[in-house]
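I have placed the structure first, in the form of structure tokens, so that the comments after it can refer back to it.
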Amino acid sequence: MGKIIVRNLKKSYGSNEVLKGIDMQVQEGEVVCVIGPSGSGKSTFLRCMNMLEEITAGEVIVDDYNLSDKSVDINKVRENIGMVFQHFNLFPHMTVLKNIMFAPTELGKQSKAEARETALKLLERVGLSDKADALPGQLSGGQKQRVAIARALAMNPDIMLFDEPTSALDPEMVGEVLGVMNDLAREGMTMMIVTHEMGFAREVSDRVVFMDGGYIVEEGTPQEVFGNPQNERTISFLEKVL
Ligand code: ADP
Ligand code: MG
């Protein structure tokens, strides 16, 4: 049984159909990288996984919960799904520690003391123990993104979604963020990652999904998709980015 099951997912904004019928499954512990040209619907697809977008048709089932089912408590499902964006979205006026403690304490999941302990452990895990009392504005982009990952992990999710987590970073900071994601993957986290980092996708993913024009055009192992792409749109995209 898939951890995430997507069946004939469609999403329109007004008359603009952005996702045109997507079928996909992600197994527990699987790492799936989503690649494809700008405007192909990658972000929209990811946002449908935790109902940041209302879907137009089809089904998204996460941990056996059908997200279109009106009786499902979407907030409960969301607590299990961490999301990391291109632009960090940290609370600028809160220290790093407070940023990470915020969701678990606000939602009554943990006491302040427990949340603090969790946050300190997570900061150690992302290599930022010395930044607990810093404000986001005092951090580099790579450090901010590592804090954003720690913050997403604070709710102890078992699925993590990443939308171009390194696209806003200076090149020298990309590695430190990919390193943290690589660790997570190795620890068995179920992950969906939209990325332009083809080297990383090749190395870390169990499966690569190529999207174009609102469809999944091709998918396979990194060896298959990068080494022997079948669809001409995949071939032409990879020629441009590799
Ligand atoms: P990608 O992440 O692959 O670049 P997106 O999912 O961001 O693609 O966008 C796909 C299409 O959906 C684009 O044509 C974009 O203009 C449109 N789109 C995305 N978000 C919205 C929105 N909130 N309202 C209207 N159109 C949107
Ligand atoms: Mg996008």
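Bear in mind that the values here come from a model prediction, so they are computed numbers and not experimental data. Start at 1 and go down the list; that is how both ligands and their atoms are numbered.
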#### Entry: Numbering as shown, the atoms of ligand 1 that approach P37 to under 4.0 Å (heavy-atom distance)
3 (O)
### Query
Can you tell me the protein heavy atom closest to atom 5 (P) of ligand 1 and the distance?
T44 OG1, 3.7 Å
### Query
Do other residues, nucleotides or ligands put more than 12 heavy atoms under 6.0 Å from the CZ atom of R78?
yes
### Task
Could you check atom 19 (C) of ligand 1 against the protein and tell me its nearest heavy-atom contact, residue, atom and distance included?
Y13 CE1, 3.5 Å
### Task
Starting from atom 7 (O) of ligand 1, locate the nearest protein heavy atom and write down its residue, its atom name and how far away it is, to 0.1 Å.
S43 CB, 3.7 Å
### Query
Can R125 and D183 be said to form a salt bridge (charged side-chain N to carboxylate O under 4.0 Å, His left out), step by step?
CA-CA 9 Å; R125 199 160 149 194; D183 291 344; over 6 Å; no
### Task
Return yes when atom CD of E187 has more than 12 non-hydrogen atoms of other residues, nucleotides or ligands closer than 6.0 Å, and no otherwise.
yes
### Message
Heavy-atom contact check, 4.0 Å cutoff: does G41 meet ligand 1?
### Response
yes
### Query
Could you walk me through whether V147 and I100 pass the side-chain contact (heavy atoms from CB on, under 4.5 Å) check?
CA-CA 8 Å; V147 172; I100 302 172; 4.3 Å; yes
#### Entry: Nearest protein heavy atom under 4.0 Å from atom 23 (N) of ligand 1, yes or no
yes
### Task
Would you mind finding which of Q86, E53, K42 brings a heavy atom closest to atom 3 (O) of ligand 1?
K42
### Task
Kindly confirm or rule out a cation-pi arrangement of K11 over Y13, judged by NZ or CZ under 6.0 Å from the six-membered ring centre and within 45° of its axis?
yes
### N, O or S of S43 under 2.8 Å from the Mg ion (ligand 2)
yes
### Message
Quick check on contacts: which atoms of ligand 1 are under 4.0 angstrom from a heavy atom of V18?
### Response
10 (C), 11 (C), 12 (O), 17 (C)
### Message
Considering non-hydrogen atoms of the protein only, which is the closest contact for atom 13 (C) of ligand 1, and what is the distance?
### Response
G39 O, 4.3 Å
#### Entry: Heavy-atom check, side chain of M198 versus side chain of F226, under 4.5 Å
yes
### Task
Give the residue and atom name of whichever protein heavy atom lies nearest to atom 16 (O) of ligand 1, and the separation in Å to one decimal.
N16 ND2, 4.8 Å
### Query
Relative to F88, does R151 satisfy both conditions: NZ or CZ under 6.0 angstrom from the six-membered ring centre, and within 45 degrees of the ring's axis?
no
